[in-house]
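Atoms within each ligand, like the ligands themselves, are counted from 1 in listed order. Heavy-atom basis, side chains included; hydrogens, waters and symmetry copies ignored.
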Amino acid sequence: MHVWAVANQKGGVGKTTSTVCLAGLLGEQGHKVLMVDLDPHGSLTSYFKYDPDDINLSVYDLFMHEGKVPEDLPKDIIVPTCQPGVDLFPASTALATLERKVATQGGMGLVISKSLATLWDQYQYVIIDTPPILGVLMINALAAAQKLLIPVQTEYLAVKGLERMTHTLSMVMQSTKKQLPFTIIPTLYDRRTHASLNALKKIRELYGEQVFAECIPVDTRFRDASESGEMPSQSDPDGRGVRVYRHLLNALLKTASAA
Ligand SMILES: Nc1ncnc2c1ncn2[C@@H]1O[C@H](COP(=O)(O)OP(=O)(O)OP(=O)(O)O)[C@@H](O)[C@H]1O
Ligand SMILES: [Mg+2]
């Protein structure tokens, strides 16, 4: 099982879109894939037409057992998506209360790792979508992941946000004594604007090899796909955005098989 987390403390940079698109493409290749929605807003959950305000079982339930995870609970939480072979751990808006509830309990950082361990032979790839805040959910994602994907919108303020994210990552790596390789994915790129060109140049200067060689372009088809609830790889397989995600996936799979 390969576990990737998609994270950036800045909102609206393409985390959920990257999760859906990569999961769809992996599914298309015949892999069994699990997406995990750790965002209390539940955008990923809503994408597949489940209601995070009214969901029976969700990742929230995994956190309700004082850091232990009942053996059968993770598999009971799984719901299917529109694509066979691609499943989802849905979020519930109750996740927003988690921080307050579990702040004083120890051992809450490994709940997702423990849950995934019970599904080890059922999925080849797990992609975790995270909220744009540093808290117990982000810590769980970083602890469970073997690789971090950081989408970054190609604009000035996003570059600042990226510095915050990589700082968070190095703090977490120090405290967990775990190395977590990361790939930065430039997103929402518009080559007609100076803001995009300048931001991309800066990101490459700062992070060199850790930046994916291409940029995900602005492509309104992603918004259309999210409305219809289809995977972008299904609704627009040859679209310019999906094409770059396909290249990204190939690059990630190469490093995953080398690891
Ligand atoms: N490459 C793109 N081109 C055009 N629109 C995009 C692209 N990527 C994402 N979007 C749109 O931008 C909005 C934000 O994207 P997304 O939800 O993936 O970001 P996010 O980082 O998950 O946001 P949040 O931090 O709020 O969870 C969505 O409406 C999405 O459809
Ligand atoms: Mg999101």
Among all protein heavy atoms, pick the one closest to [atom] and tell me residue, atom and distance.
atom                    : value
atom 19 (O) of ligand 1 : Gly14 N, 3.0 Å
atom 15 (O) of ligand 1 : Thr17 OG1, 3.8 Å
atom 29 (O) of ligand 1 : Arg223 NE, 3.5 Å
atom 1 (N) of ligand 1  : Pro217 O, 2.9 Å
atom 7 (C) of ligand 1  : Leu188 CD2, 3.5 Å
atom 20 (P) of ligand 1 : Lys15 N, 3.4 Å

Show the atoms of ligand 1 that are less than 4.0 angstrom away from any heavy atom in [X].
X      : value
Pro132 : 25 (O)
Val218 : 3 (N)
Ile216 : 1 (N)

Parallel, tilted or perpendicular: ring planes of His2 versus Tyr125, cut at 30 and 60 degrees: parallel
Option from Thr19, Ile78, Asp129, Val79 for which side chain to side chain contact (heavy atoms under 4.5 Å, CB included) with Leu88 holds: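 Among Thr19, Ile78, Asp129, Val79, the one meeting side chain to side chain contact (heavy atoms under 4.5 Å, CB included) with Leu88 is Val79.
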Atom 13 (C) of ligand 1 touched by protein heavy atom at under 4.0 Å: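 No.
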Any N or O of [X] that comes nearer than 3.5 Å to an N or O of ligand 1?
X      : value
Thr16  : yes
Gly11  : no
Asp219 : yes
Val13  : yes

Modelled atom types, side-chain donor and acceptor of Gln83 and Thr81, under 3.5 Å: no
Please report the shortest heavy-atom distance between [X] and [Y], naming the atom on each side.
X      : Y      : answer
Leu180 : Met173 : N-SD, 3.0 Å
Asn8   : Gly161 : OD1-O, 4.1 Å
Gly42  : Ala91  : CA-CB, 4.1 Å
Thr168 : Gln9   : OG1-OE1, 2.8 Å
Val242 : Pro237 : CG1-O, 3.6 Å

Ser43 N/O/S atom closer than 2.8 Å to the Mg ion (ligand 2):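 It does not; every qualifying atom lies at 2.8 Å or beyond.
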Within-shell test, Pro131 vs ligand 1, heavy atom, strictly < 4.0 Å: no
Non-hydrogen atom of Gly12 closer than 4.0 Å to ligand 1: yes
For ligand 1, the portion of Asp39 having any non-hydrogen atom under 4.0 Å away: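 Under 4.0 Å from ligand 1, Asp39 contributes side-chain atoms alone.
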Validation row: Leu62, Phe89 side chains within 4.5 angstrom (heavy atoms):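 Yes, side chains in contact.
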Check: Glu155 and Tyr189 side chains under 4.5 Å, non-hydrogen atoms: no
Donor-acceptor pair, side chain of Gln153 and main chain of Gly14, under 3.5 angstrom: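 Checked: no pair found.
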